[in-house]
Amino acid sequence: MKYFASVEGRTYEIAIDHHGQITVDGVAMAADMQPVSGRHLYSLLLDNTSHEVVLDTDEEGRNLYEVMVAGLRYQVKVQDERSRRLALADRSLKAPSGELAIKAPIPGLVVSVLVELNQEVAEGETLIILEAMKMENELRAPRAGAIREVRTESGAQVALGQVLVTLR
Amino acid sequence: MKYFASVEGRTYEIAIDHHGQITVDGVAMAADMQPVSGRHLYSLLLDNTSHEVVLDTDEEGRNLYEVMVAGLRYQVKVQDERSRRLALADRSLKAPSGELAIKAPIPGLVVSVLVELNQEVAEGETLIILEAMKMENELRAPRAGAIREVRTESGAQVALGQVLVTLR
Amino acid sequence: MFKKVLVANRGEIAVRILRACEERGLRTVAVYSDADRTALHVRYADEAYRIGPPSPKESYLNIPAIIAAARQAGVDAVHPGYGFLSENADFAQAVLDAGLAWVGPAAEAIRAMGDKVTARQLMIAAGVPVVPGADAGLSDTEAVGVAQEIGYPVLIKASAGGGGKGMRQVNDPADLPRALAAARREAAGAFGDDTIYLEKVITGARHVELQVLADQYGNCIHLGERECSIQRRHQKLIEEAPSVAVPPELRAEMGAIAVRAAQAVGYSNAGTVEFLLDRSGHFYFLEMNTRLQVEHPITEQVTGIDLVKEQLAIASGRKLRWTQADIQIKGHAIECRISSEDPYNSFLPAAGRITSLSEPTGPGVRLESGICAGFEVSLFYDPLLAKLVVWGENRAEAILRMRRALDEYRIGGIHTTIPFHQQVMDSTRFQGGQFDTSFVDGPDGFRLSAAPSQNLTQVAAIAAALAEHERAQLAVILGSPCDEQGLRISPWKQAGRVGGVRSR
Amino acid sequence: MFKKVLVANRGEIAVRILRACEERGLRTVAVYSDADRTALHVRYADEAYRIGPPSPKESYLNIPAIIAAARQAGVDAVHPGYGFLSENADFAQAVLDAGLAWVGPAAEAIRAMGDKVTARQLMIAAGVPVVPGADAGLSDTEAVGVAQEIGYPVLIKASAGGGGKGMRQVNDPADLPRALAAARREAAGAFGDDTIYLEKVITGARHVELQVLADQYGNCIHLGERECSIQRRHQKLIEEAPSVAVPPELRAEMGAIAVRAAQAVGYSNAGTVEFLLDRSGHFYFLEMNTRLQVEHPITEQVTGIDLVKEQLAIASGRKLRWTQADIQIKGHAIECRISSEDPYNSFLPAAGRITSLSEPTGPGVRLESGICAGFEVSLFYDPLLAKLVVWGENRAEAILRMRRALDEYRIGGIHTTIPFHQQVMDSTRFQGGQFDTSFVDGPDGFRLSAAPSQNLTQVAAIAAALAEHERAQLAVILGSPCDEQGLRISPWKQAGRVGGVRSR
C-alpha cells in the first residue's frame, strides 16, 4: 500500500507492506510502531532508531495527523494513491480562491478591530485585539492582502474557531 | 436501589438513589464518585471526605470487586436484593462441604510435595514447595485438616490457579 | 502547630501546599470549583468542599464561600498559595476575623506592598533604591510629562499590578496614548483599578529577586536570589538559582537590602523582593510579593529548606530555626514553567483534555504538577500546568539535566510550552548566561526554530502513514465500528498487533 | 569520554543509566527481549536492538546477542547495570575482547569477589574482619562438622551467591540436611554451581554497606554507608542513608576498611562492601558487590554525587574528582523497593497489566521507575517495578515524606508491596530505628496488619456498591454492550456521568 505524507511543505512517498518493512522515497527501512499507553503514545523503531511519538488525529478524521516527535510538533496530511489522485484532479478544476479566514484561536472578548473593509494590510499587521485569560492577544495578518469581510466588532464575545475577518 | 456489600466478614446495606445521596446501614450520606483516568481510578467524596479508590473487577464479572483505599486492599462482594435472596436460598440447600483446594498462586515448578494422602496437617504446615522466579515458595495449609487429594508431583510444571492438593 | 489547614487555591500550588501539610501531619482541606471536581488537589486532600461554578469570581475568588468551607471543615489556618486571593488583604482580614490563622504576612503588609505606588514611597523612605519614575498614580496628561522627564523607553505599570498584567513598554512618545489606554483596560479588568504609574526602562537589566523569611518576632533572613530574566510580556518562563550575574558580595548586599525592605513593612512569613539588576551591578527595587512565589522550589533545591513548611511554622508562631549564617547555597537549580500555551502560535492559551501523560523522574528532577491523564484543562484558569525543576552540581549539569527531563516529558492532547523550553536549553546564549529580560521579547529575541530537522519531519511522516495504514486496514476488516469508543480505540490496538509482526 | 554506550539491562536500572548517559551527551543504545518491546528503556534510548525471546537466558543473559548488538550499533562502552550479567566476569571479558570499554571493575576483581569463598580468604589476608565460618566449599558431611564447631544458628550460603538465592538459616542441627539440599538446589538453579559454605549467624546484627569509588590509578574513596537491615529472606526491601547505628567515627573506620577491601582486589569503578554490624559495634565483611547497587540512589541523595556519571567517567579513564575530605553527608535518604509481589500473600510474585498509574512527585521525592500505564509485568524478570526514594532534612522528615509519597503512589491492576512499605513507615520500631536484619523474618517480626480500620472497609464497600449500581443501571440503558472495549469502558464513563449529577 502506498501513501503520500505531506509535512512542512515536503511530501514523502511511503510504501508499507505487512511485515514491518517499508520504503520511504524508494529507500527500504525496517519499521515497527507499537502503542504504549492508550491511544496516543507510540514507540516507533526505524532501523533500530527509537522514537517516541504522540499522535493525534483531527476529530473529523480527514487523514490529518498531529505528530509530536522529540518535542517538535508537525501537521502531517496522509493520502493514499486514490485520494491523492482525486485531490489533484479536484485542485486542477478549481481556480485558487486565495481567500483566507482569520479565526479566533481562543474564545474571548474582541477588544478592538483595527482594520476596516477593503483596507490593504501588510503581512504581520495587527488586525484584531482579542482579550482572553485577562491578557490582550494581537491577531496578525498571516500574509499581505485586503480585508474582504469584517465579521465581528469591538465588545463581541467570540467562540473558538469563529471567523473574525477574511482577507482576499 | 439497595445493595449488600460484604468485606472482611462484614456486610453493609447500602441504598443508592440518583442524586448522590446514599444511606449506609440506615445512615444518610452524600456520595459522589467520579472516574479520574481511564477505568480504574476514582475520586470518591463521602460527606466531603476525599478518598482515592482503585477499583478492579474480576474478569468474569461476578460482582466481586477488588478495592484499594489508602493503600489497603479489600475484596468486596456486592449483591442486590434479588441476587442476595437467591444466594441465601442456594446456601440453605447445600450442606457445607468443607473441602478446600490449595491452588498454585503463581506458575512454577513443584520442587517437592511434603504431604501424602489422608495425612493430618496442622494450620500453617508446609504442604508443597513451589519454585518460581528462581526462589522456593512454601505453600502452607490455611487451616488444619486431612489431605483428601494430591493432584501434583515433584518436578511438575504447574499453571496459575491449578489445584495442587485438597484438604477435607 | 495547627491541626487542620484549608488551602484556598487549585492546581500545582494547592498540591504543593497539601503535601507540606501532610508531611507535617496536619489534616488537609481543599476547595474546588465544578471544573476541578476530579483535580489532583481535591483527590489529594483529606476533605474537599465545593465553592462554586468554574468562573474564578464565583469560586476561587469567592471569599464568603471559602470562609464558609473553612468554618464547616473546622480548620485552624488558611494558606492562600499564589495568585487568586493570596495578595488580597481583605481576604487575609476575613480569615483572621473568622478566628483562623493566615499563612502569610499581616493584612497591613499586604496592603502596603500591594499598592505599587505606596510601596515605592515606603522603599524610598527606607533607603531601598528604586527605579527612576513616578511616585504616584498619573492621569494620561501627567504621564506624558513624566515620560518626557525620565526619558524613553518607559514602562507603564498598574498600581495594583502583578503577573505582568497592565504593563506596557513604550519606546516612542507617539505610542504612549494607545499604550496607556490598553494598560488601563487590562488593569481595570484584572484588578478593578486602572491607576497607573511610570518607570524608566532599565536597558539590559536582569530580573533578580531575593527570597526572605521573617518570623513574628522581628527575625528576618534571606535565602539568596533567583534569576528570572527569561520572561515573555513580563511573565516569567524560566527561573534559576543562583544567578550567574550575582557574585557572593552582591548577594550579601542585595540580601541585606531585601531584609530591610521586608522589615520596613513589619513583614512576617515568606516573601520575595524583586529587583532589576543592571549591567554595572546597580540594582533597583521593583516590588515585593507578599506570598509564596511560583518559582520558590529552586530556592528550596539549593538551600535544602522547605519553604512551605517554614511558612506553616512561622504562621503558627514558631521562631525562625535559622540565622543568616546557616544558609548555604549548594549546586544550581532551574525551573521551567510548563503551561498550556502554544509557543508556535504567540503563546496563545490552549484548552482541552490531557490524553496521555508521561512525567520525567529520576535523579535531580522534581516535578510540581497539577494535572493527570484525563484531566480537562479549561480556559478559566492560569495556563500553568506544572513546573519542572532540576538540581545539578553546577549550572552545566542542571541545564543538561533539564534538557533530559524535558525530553522525557510527554503531554498528549494539548499544546504546551515544552518545545520552547527545549530550544532555550539548547540556545548558546542561555547556556552562556548571556541574557537579560529582553531575551524573549527583545528585537533580537529568542525565536522558536522554524527549521526543524529533516530527519524528524521524515519520522513524523512515517508515523502518520503507519497510523493511516492501520486505520485503513482495520476499516476493511471490521466494517464500520460500532460506537465512538470502538472507533477511537480499536484501530490503534490493531495497529499494534499488525505492526508487531516483525519482532514477535 | 565515550560517544555511545550500550546498556545491557532492562527495567528501572536501564532507564537510570540511560538518563546519566543522556545527561553526559552520550548516544544511548538499549537491548530488549520480546517482552520489553514497548518498555521504558527501549523508548528512552536513541537506538534499540532486539536480543531474543522473553526468557532471560535467551535475551538479557545472552552474551553473543548483546555483543552483536553492541557491534552493530557501534558503541564504545557497555554498562551492565545490576543483576543479569553485571557480575559475570566472562561477559566483562567478552566486552573488552570486542574492543569496548566495560563500565565496571576488571574481570579479575569480579571473579575474586564473585566467588564468596575466595573473597573471604582474600579479605582475611588483607586484615578485613569476616564472619566466623568456613573458608572453603563444603560437602554435606563437612558442613555438619563446621556447623557444630561455629555453633548454631548457622547460615548456609552459595559460593556463587547473590540476591539471597541459595541462602538458608538453620537453627537446629536436625534441619541442616534438608536446608543444605534446598540451598544447593536453589544455588544450582540460579548460578549453575551448588558449592556452599557456612557462616555463623550474628544475632541482632544490622546490614550496613559502604559505597566505594575507585579510579584506574589506585585512588579510592568511600561515600558513607547505607543501612539495609529491612530484608525479607535476605532480599532488601528498604534502605536508608546514613544508618542510625553508625556514628561518624565508626563511619570513618568502616569506610577505611571498605577502601582496603576494594584495594585488595585492585578494584576500580563503583562498588559496595557489605558488612554485618553487631550490637557492640563490631563489624564483619559479608561480600563485595562489584557493580552498581539497587540502592545507590540514597547515597546520591545525601552526597550530591551522581554515581552513574562517575562510573562512566572512571571507565573512560578519568581520575577521581574527589578526595575523602570532599565527601559530606547532608540530610537523610530512604528508599522503598516497590515490587510486583503480594505482601498479603507471602510476597508471591504477581504478573499482569498496569491498568492505571499515578506516581508521587514533589519536594524531596525521586522515583526510579521501569513501568508505565499499559505495561505488562511478566514473571520472566525480577519483580522490582520501581524505587521510591526520598530525601529529608533529617530522618524524621524523610519518614514523613516517604509516607506521604507512598500515599500518592497508585498502581492499578497488579499487586505491589506499597502496603507493606506504608505499614513499616507507620511502625514505631522502624521510626525509632530499633531494628536489625530480623525485623521482618524474625519470630517477633513485622507483620502486615490484618485488622484494617473499620472506616476504610466501609469506604471500600460503598465504592464497590456505587460501581455495581452504575453497572446495573447501564445494563438497563444500553442492553448488551457491543464489544469488549465497550463492555470494559463504557459503564465507568456512565458511572461518572450519573454520579456527577450532584455537583454539576
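First the proteins, then the strands, lettered A, B, ... as listed; each starts at 1. Because the structure is a prediction, the values reported are computed rather than measured.
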Is it the side chain or the backbone of [X] that comes within 4.5 Å of chain C heavy atoms, both, or neither?
X        : answer
D:Pro363 : both
D:Lys387 : neither
D:Ser356 : neither
D:Glu12  : neither
D:Arg24  : neither

Looking only at heavy atoms and a cut-off of under 4.5 Å, which of [options] has the most pairs with chain C?
options                                : value
D:Val308, D:Asp306, D:Val365, D:Ile305 : D:Asp306
D:Glu300, D:Glu397, D:Arg403           : D:Glu397
D:Glu359, D:Glu408, D:Arg16, D:Arg19   : D:Arg19
D:Arg43, D:Met402, D:Arg321            : D:Arg321

**Q.** Closest-packed option against chain D by number of heavy-atom pairs under 4.5 Å, given C:Gly364, C:Ser369, C:Gly304
**A.**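 Most pairs with chain D among the choices: C:Gly304.
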
Q | Top contributor to chain D interface from C:Arg401, C:Lys330, C:Glu368 [non-hydrogen pairs under 4.5 Å] | A |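 Most heavy-atom pairs under 4.5 Å with chain D: C:Arg401.
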
Q | NZ/NE/NH1/NH2 to OD/OE distance under 4.0 Å, C:Glu393 and D:Lys309 | A |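 Judged by the 4.0 Å cut-off on N to carboxylate O distance, C:Glu393 and D:Lys309 do not form a salt bridge.
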
Q: Please report the closest heavy-atom contact between C:Leu367 and D:Thr361, naming both atoms and the distance.
A: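 Closest heavy-atom pair between C:Leu367 and D:Thr361: O-OG1, 3.2 Å.
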
